[in-house]
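Computation of the quantities below employed the complete heavy-atom set of this structure, encompassing side-chain atoms and omitting hydrogens, waters and symmetry-equivalent molecules. Along the sequence shown, the residues carry numbers beginning at 1.
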Amino acid sequence: MKTTDWQTYRLSYTESAQKILDTLTLDEKIFLMSGSESKKGVRGAIQDKTNTHYNEKPYRAGGIEEKNIPPMLFADGTRGVVCGREKYTCFPVTSMRGASFHPELERQVGNAVAEEVLDAGGNLFGGVCVNLPYHPGWGRAQETYGEDPCLLGKMGAAFVRGIQEKGVVACVKHFAFNSMENSRFKVSVQCSKRTEREVFLPHFKKCIEAGAGAVMSAYNSYDGIPCGHHDYLLDQVLKKEWKFDGFVMNDFLWGIKDTVEAVNGGMDMEMPATQFFGEKLLSAVRAGMVEERRIEEAALRIIRTLLAHRDRIHEEMARKTAEDVEPDWKRHASLALQCAREGITLLKNEGHILPIDLKEGRIKIAILGCLADKENIGDRGSSRVYAPYVVTLLQGLAAYRSQADLIYYSGEKASHCRRLAKEADYVIIVAGNDYSDEGECVANDREDPAVKEIGGDRIHGLGLKERDLSVIRAVAEVRKDAVVALIGGSTITMDEWHDSVGAILFLYYPGMEGGNAFAEVLFGKTNPGGKLPFVIPEKESDLPKMNWDTEKITYQYCHGYTLLEEENKKPLYPFGFGLSYTRFHVGQIKSWQEEQRLCASAVIENTGDREGSEVLQMYVGAEKSAVKRPKYILKDFQKVFLKPGQREKVVLSCSLEDLAYYDENTGKFVVEQIPYDVYVGTSSDKEKLQKAEAE
């Protein structure tokens, strides 16, 4: 089945779903809308206060076997399936997969995740997170693809397609404006209508157009109304304007606060436990506070979606032989490794320190920093995967012990760091964050979900901790060629130490095979292919100012690289930037318009001596627009793999609709008939972008 046919396919089940719906009592219809789990048990698992972890088994809602209605069986996670113990593949975090700039690879991850959802007994995957981090200090920035709507939309849509190719329902979250963690239960977001439509919603729309069958609302409010009650977002935009045919569920436990407001606002399913639906909803209908048509519509959406996807799952399973019904675990681990290879981002490499040449004879490598020997795969909230194993960075390097002497020290004493640095041929410093520094805000109080115990936003800033800075400073006293390997979910500022080291690798949270990928890149077996999915400013003050403990916040039109460009501030490393061990030349850049698309082409050649990848990026500016716009913004990209001496012509394009601005007076998008400025390059760096010659 073509993934673009999902809406048509599901709608073809409307008649059969309606026939079933006509046989149901009001109680049964409401039952379909209500989560079946224990509130106490789920809350305890979230807060790690029970013997089971969060979502250890798929969470159930509805399902009436005698009426041929399958249940919804929810499996969470953004870097893999969180169900079970020591079983499912832990992929790199979403921000690292965003750094791959490789939608086809993300589609394959979707396939793998869906197979594991089915193995866990689920039929819906709740891990397609496409929220835009307004500020990289957001604790869950690691769970999304980056700061740019185009990148978010293309990668998120690819993930949706991959998941649903196996029949599993892809649930997109958190709709919408979820971009801070510590205040997520109380904050109300405000922004202009143009900011809403052009910055925060387009990537959600791309996922709906890719066929997503479910959407999860956000905890936060928008313009004073909880997103789980928001008629404008859920009914008017999502269901009517975007013609979304699936169903909407709330973010768990605290995502809705009132029975009547939630249902009348467009909420179809309460998850994972029944607090406001069930008997309360039945009473509200009987009291005339909720029209029964609301119940009918929600139940129809749920039945239709689950019937269609059940049949698709059955078709998928029927195509498998008895030998390959189980997921291909080895292939999935290899896929996790490939994601890490393509996501690792080389930011600095003075004097071509990297890769380390093991052919020079036996060498001594000092590895410093406590994170080198830690299973550091990301936050421990709802996206935590209980993997069968995790290869730490140190374990990955240890595979090369036969060719190099490795000396590891966690870095407590500066004097010992200096001594080891003097004696070693190479120094690798591992620095950055772990789940205690950033992630989902996991509560330590059963009654107050906003009380932070671990994770949350980086309220103390985007720089490294003193623990890591002391190691870097100590090494810099005796040498300037250390390699710093950074671990973290989003931007880490470097102004304190950038000039005192020789090479910098950004590793994000690289998943269960991260140590192997790191070693491959370090020793040159693999050429790093990552590109920054966010900007790294020269200093944190160049980014929007944030109050992480607030009840109200206003998001402006520009953020990230568009903000720095608007304010003429040069970043330390631009969005989309990443070095390679080989060299590329980009030329013969042209642009043209055909039918309803703006197109550009370029010829890229690998002029170095190693096989490698480069990401060609097309940015578009609209200087003659009737409204103020970013000076230029990403509209398409393509990853290209080339052998030494190989060249390839690449065509990039976007629809004219993707260039439209939202007219706040008419409430409609306007496609302007103006000349657009088209730029092609390998990052958003304005000094290196080449303007396309119009044909």
Side-chain angles (χ1 to χ4, degrees), residues 3 6-7 10-11 32-33 35 59 61-62 72-78 94 110 122-132 140 143-145 149 152-153 155-157 159-161 163-164 168-179 184 196-197 200-222 225-252 255-256 262-272 277 294 297-306 308-309 382:
T3 55
W6 267 108
Q7 185 182 66
R10 282 193 297 259
L11 289 176
L32 298 179
M33 301 169 63
Y59 289 144
M72 190 282 291
L73 297 164
F74 179 99
D76 212 342
T78 53
T94 316
N123 60 7
L124 180 145
F125 180 63
V128 186
C129 181
V130 292
N131 289 111
L132 182 148
R140 294 179 79 175
E143 290 193 57
T144 191
Y145 295 102
L152 284 164
M155 296 296 287
F159 201 26
V160 167
R161 287 192 291 268
I163 293 162
Q164 296 198 162
V168 173
V169 181
C171 181
V172 181
K173 64 185 184 184
H174 308 83
F175 193 63
F177 307 98
N178 182 34
S179 190
R184 62 180 174 164
E196 169 201 300
R197 290 306 190 103
F200 284 94
L201 296 191
H203 32 286
F204 283 98
K205 187 171 187 284
K206 293 295 184 184
C207 291
I208 299 306
E209 291 171 346
V215 168
M216 178 185 285
S217 66
Y219 283 132
N220 54 272
S221 296
Y222 177 52
I225 301 172
C227 288
H229 304 177
H230 218 293
D231 175 75
Y232 170 74
L233 288 176
L234 304 183
D235 271 338
Q236 297 180 45
V237 176
L238 181 64
K239 294 178 180 178
K240 294 178 182 176
E241 187 176 330
W242 295 354
K243 304 187 187 313
F244 173 62
D245 64 280
F247 58 86
V248 180
M249 70 176 71
N250 63 285
D251 202 349
F252 284 14
I256 57 177
V263 177
N264 287 340
M267 185 58 61
D268 300 313
M269 181 184 290
E270 181 183 18
M271 282 294 289
F277 285 14
R294 286 282 190 179
E297 180 187 336
L300 178 65
R301 286 174 174 273
I302 293 166
I303 297 169
R304 180 174 63 202
T305 302
L306 293 175
H309 282 265
S382 60

Apply the test side chain to side chain contact (heavy atoms under 4.5 Å, CB included) to residues Phe277 and Met271: give CA-CA distance (whole Å), side-chain angles for both, the deciding distance (0.1 Å), then the verdict. CA-CA 10 Å; Phe277 285 14; Met271 282 294 289; over 6 Å; no
Counting C-beta onward and ignoring hydrogens, is there a side-chain heavy-atom pair between [X] and [Y] closer than 4.5 Å?
X	Y	value
Glu297	Lys239	yes
Asn178	Met216	no
Phe247	Met72	yes
Phe177	Leu233	yes
Cys207	Val130	yes
Glu270	Ile256	yes
Leu152	Lys206	no
Phe125	Phe159	yes

Can you confirm if the aromatic rings of Tyr222 and His230 lie within a centre distance of less than 6.0 Å?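 Between Tyr222 and His230, which both carry aromatic rings, the centre distance is below 6.0 Å.
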Answer yes or no: is there a donor N or O on one side and an acceptor on the other, between the side chain of [X] and the main chain of [Y], under 3.5 Å?
X	Y	answer
Asn220	Ala176	yes
Gln164	Gly211	yes
Arg10	Leu306	no
Thr144	Asn131	yes
Arg161	Gly156	no

Could I get the full list of ring pair (Phe, Tyr, Trp, His ring centres under 6.0 Å) partners for Phe74, not counting sequence neighbours?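 Result, ring pair (Phe, Tyr, Trp, His ring centres under 6.0 Å) vs Phe74: Phe252.
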Holding to ring pair (Phe, Tyr, Trp, His ring centres under 6.0 Å), I want the full list of residues that pass it with His203, two or more places apart in sequence or in another chain.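 Testing His203 for ring pair (Phe, Tyr, Trp, His ring centres under 6.0 Å), a comparison that skips the adjacent residues, returns none.
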For [X] and [Y], which heavy atoms make the closest approach, and how far apart are they?
X	Y	answer
Asp251	Ser217	CB-O, 3.4 Å
Asn264	Asp231	O-OD1, 3.9 Å
Ala170	Ala212	O-CB, 3.8 Å
Thr94	Glu143	OG1-O, 3.2 Å
Val128	Val160	CG1-CG2, 3.9 Å

Would His174 and Arg184 count as having a side-chain donor-acceptor pair, cut-off 3.5 Å?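 No, Arg184 and His174 have no side-chain donor paired with an acceptor closer than 3.5 Å.
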Mind checking the [atom1]-[atom2] spacing from [X] to [Y]? Nearest 0.5 Å is all I need.
X	Y	atom1	atom2	answer
Leu201	Phe175	CG	CZ	5.5 Å
Ser179	Phe200	OG	CZ	6.0 Å
Ile303	Leu32	CD1	CG	5.0 Å
Leu234	Leu238	CG	CG	6.5 Å

Tell me, please, which residues at least two apart from Tyr59 pass side-chain hydrogen bond (donor to acceptor under 3.5 Å, both in side chains).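 None.
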Would you sort out whether Met269 and Asn250 count as a side chain to side chain contact (heavy atoms under 4.5 Å, CB included), showing the intermediate values? CA-CA 7 Å; Met269 181 184 290; Asn250 63 285; 6.0 Å; no
Intermediate values then yes/no, side chain to side chain contact (heavy atoms under 4.5 Å, CB included), Thr78 and Lys173: CA-CA 10 Å; Thr78 53; Lys173 64 185 184 184; 4.1 Å; yes
Could you check Arg294 against Asp268 for salt bridge (charged side-chain N to carboxylate O under 4.0 Å, His left out), going step by step and ending with a plain yes or no? CA-CA 9 Å; Arg294 286 282 190 179; Asp268 300 313; over 6 Å; no
Stepwise salt bridge (charged side-chain N to carboxylate O under 4.0 Å, His left out) test for Glu241 and Arg197: CA-CA 12 Å; Glu241 187 176 330; Arg197 290 306 190 103; 2.7 Å; yes
